[in-house]
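Reading through the structure tokens given below for one structure.
These figures come from a predicted structure and were not determined experimentally.
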Amino acid sequence: MNTKALTIDTESFRLVEDPSEFEELCDYFQGFSTLAVDFEGEWNLHRYGLHLCLIQVSDGENIFLLDPLTIGDLSPFLDILEDPDINIISHGPQSDIVLLDHLFGRRPANIFDTEKAGQLLGYDSTSLSGMLDHHFGVQKNMKVRVLDWNKRPLKEKMLKYAAMDVAFLHNLQERLSNELRQRGRFTWHQEECKALEHIRYRKKDRPHLKIQRANQLNYQQAHVLKHLYELRDQIARDHDKPAYYIIPNAKLVELAGLPPKNIKGWTELKGVSPRVKRYAKLFYHAVIKALDSEPEQVARSYKKSQERRSKKAFFQKVDQRTKVLEAIRDQIKEVYDVYPMIMSMKNLKKIAYGEATLDDFKNWQKIIVIETAAELKLDLSLLTD
């Protein structure tokens, strides 16, 4: 364990709930070149949709917990996140970036992602809890993470948990930066962090098909699933409840495959919210509407795509590309402990099937792949033919 003694009072923090106090604090933050930032948010766990519940900030010595539910307009702090002269330290901020983009249309800049640094250094555990334990011998109460952060007042143990999320980040950044430089991977990390600035909130295309086991349904059943999914979503939105609370995903797929034959059947369902009984008539008619209409065209286009891919020449090309890529990946595996980050099996398959090219890789990854191919005397033109 690379643990070194470090004393930080994670129980000494300032909870900010007053708008005027918040504005003064944002002026104070402007005086720092680096701030550690984290968010506690809601992602369809206790409520419908995405919600920002708490903002944690550290200037390296002091910890501030900002309550967006009472502060109101967060623009002064969101401006700080986008300020090119202020660096932000955060741990695995991808979901937070999506949240900010979706709720406010804001995109943080100059982020140092401590989780990504741990991944590039090959840490066994890259969770914040694991990295704090590794470097500082600090333990986090992870049970608090899944509590309802929408409720007020927040419990003391929740505030302490939130404070710890930023308390050590300045020190952690310093240690990780040194390790990255020592191993010649600092520029890799810079490129990975730069990519964070391009993350956007994107509404899922045909989200009903992303549910586990939805791909086991036939075209007509998938069409029923779409109608049930949309009705469930509307009911969840109206009641500000997560969709799974109305009908769990597994149950929804089951109902799409074998829906109740009448309204009464919907009122007698088990393993669903009591609200389903109230809306039994709507669910029944959603199924009828689906059965009386044509399945989505996506099913047909998908079938054509599969037929195209069944051609012998296509699979021969896939086999050729796969052999080249696997040889490169095997060699990379011998040299780099983080080989899945350089060429994952998912990316390998995408290139083999012509769904991506090396230009879709980050530059540091691409350089390693090209250099490895040159060492092995492999022709990369096969990947684009």
Side-chain angles (χ1 to χ4, degrees), residues 42-51 95 98-99 101-103 105 150 200-311 314-315 318 346 349-350 353-356:
E42 170 73 33
W43 284 266
N44 290 294
L45 183 61
H46 300 94
R47 297 179 60 191
Y48 180 88
L50 281 63
H51 303 271
S95 59
V98 170
L99 185 73
D101 183 42
H102 176 58
L103 296 179
N150 297 284
R200 299 290 183 270
Y201 169 81
R202 289 184 176 84
K203 191 174 181 179
K204 290 182 180 179
D205 181 39
R206 301 183 181 91
H208 62 289
L209 297 180
K210 305 296 192 297
I211 296 178
Q212 189 175 9
R213 297 185 180 176
N215 60 350
Q216 296 178 8
L217 301 174
N218 61 36
Y219 299 155
Q220 187 65 67
Q221 291 169 334
H223 195 51
V224 173
L225 177 63
K226 177 178 182 292
H227 283 70
L228 294 179
Y229 182 97
E230 291 174 350
L231 176 57
R232 180 187 69 163
D233 189 73
Q234 186 58 55
I235 293 171
R237 183 192 299 270
D238 291 344
H239 291 276
D240 195 20
K241 294 290 184 182
Y244 76 85
Y245 178 85
I246 307 301
I247 302 178
N249 281 346
K251 187 68 175 181
L252 198 70
V253 173
E254 177 187 322
L255 291 169
L258 190 63
K261 296 180 180 179
N262 49 48
I263 296 175
K264 183 181 178 183
W266 281 96
T267 66
E268 296 174 344
L269 287 176
K270 295 181 179 181
V272 300
S273 166
R275 288 184 173 86
V276 174
K277 182 177 180 179
R278 188 189 313 171
Y279 295 101
K281 188 174 181 179
L282 291 179
F283 279 108
Y284 172 73
H285 285 294
V287 173
I288 297 300
K289 183 178 179 180
L291 295 175
D292 287 344
S293 59
E294 276 288 315
E296 289 183 286
Q297 291 300 311
V298 62
R300 295 182 178 180
S301 63
Y302 176 76
K303 185 177 181 181
K304 289 180 181 178
S305 175
Q306 291 297 94
E307 290 172 350
R308 176 180 63 81
R309 290 188 172 189
S310 68
K311 294 178 181 179
F314 176 80
F315 275 110
V318 170
K346 181 180 179 180
K349 289 180 179 179
K350 279 187 175 182
Y353 278 84
E355 297 170 355

Please identify each residue that fulfils salt bridge (Lys or Arg N to Asp or Glu O under 4.0 Å) with Lys277, with sequence neighbours left out.
none

Would you indicate whether the side-chain heavy atoms of Tyr48 and Ile235 approach each other to under 4.5 Å?
no

Under the salt bridge (Lys or Arg N to Asp or Glu O under 4.0 Å) rule, collect the residues that match up with Lys241, sequence neighbours excluded.
none

When you compare the side chain of Leu252 with that of Leu225, does any pair of heavy atoms fall below 4.5 Å?
yes

Restricting to pairs with a member in residues 246-259, which pass salt bridge (Lys or Arg N to Asp or Glu O under 4.0 Å), not counting sequence neighbours?
Lys251-Glu254

Are any of the side-chain heavy atoms of Asn249 and Gln212 separated by less than 4.5 Å?
no

Is there a side-chain contact between Leu99 and Tyr201 (heavy atoms, below 4.5 Å)?
no

For the pair His239 and Tyr279, name the ring-plane relationship: parallel under 30°, tilted 30 to 60°, perpendicular over 60°.
perpendicular

Considering residues at least two apart in sequence or located in another chain, which fulfil the salt bridge (Lys or Arg N to Asp or Glu O under 4.0 Å) criterion with Arg213?
none

Run the salt bridge (Lys or Arg N to Asp or Glu O under 4.0 Å) test against Arg47 and tell me which residues pass, sequence neighbours left out.
Asp240

Check whether any side-chain heavy atom of Arg275 sits under 4.5 Å from a side-chain heavy atom of Tyr245, and report yes or no.
yes

Would you say the side chains of Tyr244 and Asn44 form a donor-acceptor pair under 3.5 Å?
no

Output side-chain donor-acceptor pairs under 3.5 Å for residues 256-269, partner residues at least two apart or in another chain, one line each.
from	atom 1	to	atom 2	distance (Å)
Asn262	OD1	Lys264	N	3.3
Asn262	OD1	Gly265	N	2.7
Thr267	OG1	Lys264	O	2.5

